Undergrad: 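Structure provided below as structure tokens; questions to follow.
To find a chain, count down the sequence lines: A is the first, B the second, and so on, and within it residues start at 1. This structure is a prediction, so every number in the text was calculated from the model and none was measured.
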Amino acid sequence: MTDPVLAALRDLAEPAPATLADRVVDGWLRVPGPLGEVYAVVGARGVRLLRPAAFAGELDAFLEDYRSRHGRPVRPAPRAPRGLLPALRGRGEGPALDLGDLTPFAREVLAVTARIPAGQIRPYGWVAREAGHPAAVRAVGTVLARNPVPLLVPCHRVVRSDGDVGQYLSGRADKVALLEREGVELAHLEALAAAGTRLVGSDTTGVVCFPTCHHARRITTAHRHGFPSLARARAAGYRPCRDCRPS
DNA sequence: CCAACGGCGTGCT
DNA sequence: AAGCACGCCGTTG
């Protein structure tokens, strides 16, 4: 078990000179994350696999998971890649990712998901549409269920359209914890959904948003209107927000 | 190639 | 209102 503080300090240390092995062999590491420690495997092009340690089990199981996916040798990584530790603390753009072996559809789904800001959530159906496959809602779920780099690609921010938080790799409890940590008011959103409100608009701007969009949060209660669908909002003269692009 | 399988959505009770 | 059945669709064995 690695001391989180020591692990963090290690990231600040001078990078070791790159050896040939650093370029050819992938490296594993164990670092602190928002739900406890995580294992990661990093290749020359970026992070290839990441798992919460509590979910992955022992290191051996994690490395076997990686080997079964890629069949490449793994050794301990000399250091964490730039941006990994800050990203796991919710800061920065995150480290480079190596998702090269995924299908184009899966890559697109993850790319769309990666753009959801912290503190906000979007439905699976929205991701499907943004990825250019509006009917592949369920397939989006399958892709996210196999997200090789959870936390870095924030699949916990994708939820069901009915207000339920939905499933998650390591269980709904983790998903809820991650979202609440980011300031998402799940109870409030569930109440909204239960009342049939999926979008909110401002009658001063005529714009409708997902409730967690930063524009939506600025609407004062006097000017706030809820809508069950974009069609209904449009019928009332509203247009979709250009930032959260409600569908 | 085909069939089964999901972190879903929706319409019907 | 909560639950269920069925449709959808990209992967995988």
Undergrad: Do any of residues 155-193 of chain A sit with a heavy atom less than 4.0 Å from DNA chain C, and if so which?
TA: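 Output list: empty, so none.
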Undergrad: Dot-bracket for DNA chain B, please, read 5' to 3', with Watson-Crick or G-U wobble pairs under 3.5 Å on both distances, ( ) within the strand, [ ] crossing, | other strand, . unpaired.
TA: .|||||.||||||
Undergrad: CZ of A:Arg198 versus C1' of B:dT10: gap in Å, rounded?
TA: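 From A:Arg198 CZ to B:dT10 C1': 11 Å.
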Undergrad: Ignoring hydrogens and angles, are the base of B:dG9 and the side chain of A:Tyr124 linked by a donor-acceptor pair under 3.5 Å?
TA: no
Undergrad: Take A:Arg157 and A:Glu182 through the test salt bridge (charged side-chain N to carboxylate O under 4.0 Å, His left out) and record every step on the way to the result.
TA: CA-CA 10 Å; A:Arg157 296 178 194 149; A:Glu182 295 180 355; 2.9 Å; yes
Undergrad: With side chain to side chain contact (heavy atoms under 4.5 Å, CB included) as the criterion, how do A:Asn147 and A:Val149 come out once you've worked through the C-alpha distance, each side chain's angles and the decisive distance to 0.1 Å?
TA: CA-CA 5 Å; A:Asn147 179 7; A:Val149 285; 3.7 Å; yes
Undergrad: If you count heavy atoms of other groups shown closer than 6.0 angstrom to CZ of A:Arg69, is the number above 12?
TA: yes
Undergrad: Counting only heavy atoms not in A:Arg245, do more than 12 sit closer than 6.0 Å to its CZ atom?
TA: no
Undergrad: Evaluate A:Asp203 against A:Arg224 for salt bridge (charged side-chain N to carboxylate O under 4.0 Å, His left out), listing each step before the verdict.
TA: CA-CA 7 Å; A:Asp203 62 17; A:Arg224 171 184 299 260; over 6 Å; no
Undergrad: Could you please spell out the steps behind the side chain to side chain contact (heavy atoms under 4.5 Å, CB included) verdict for A:Tyr238 and A:Val207?
TA: CA-CA 5 Å; A:Tyr238 289 72; A:Val207 172; 5.8 Å; no
Undergrad: Which atom names give the shortest non-hydrogen contact between A:Arg30 and A:Glu37, and what distance separates them?
TA: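 Heavy-atom minimum between the residues: NE-OE1, 2.5 Å.
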Undergrad: Output the distance between atom CZ (A:Arg45) and atom CG (A:Asp98), rounded to the nearest 0.5 Å.
TA: 6.5 Å
Undergrad: Does A:Glu64 have more than 12 heavy atoms from other residues, nucleotides or ligands lying within 6.0 Å of its CD?
TA: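 Yes.
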Undergrad: How would nucleotides 2-13 of chain C be written as a contact map, 5' to 3', with B for base contact, S for sugar-phosphate-only contact and - for no contact, using protein heavy atoms under 4.0 Å?
TA: -----BBSSSS-
Undergrad: Could you tell me whether the side chain of A:Leu169 reaches within less than 4.5 Å of the side chain of A:Cys155, counting heavy atoms only?
TA: yes
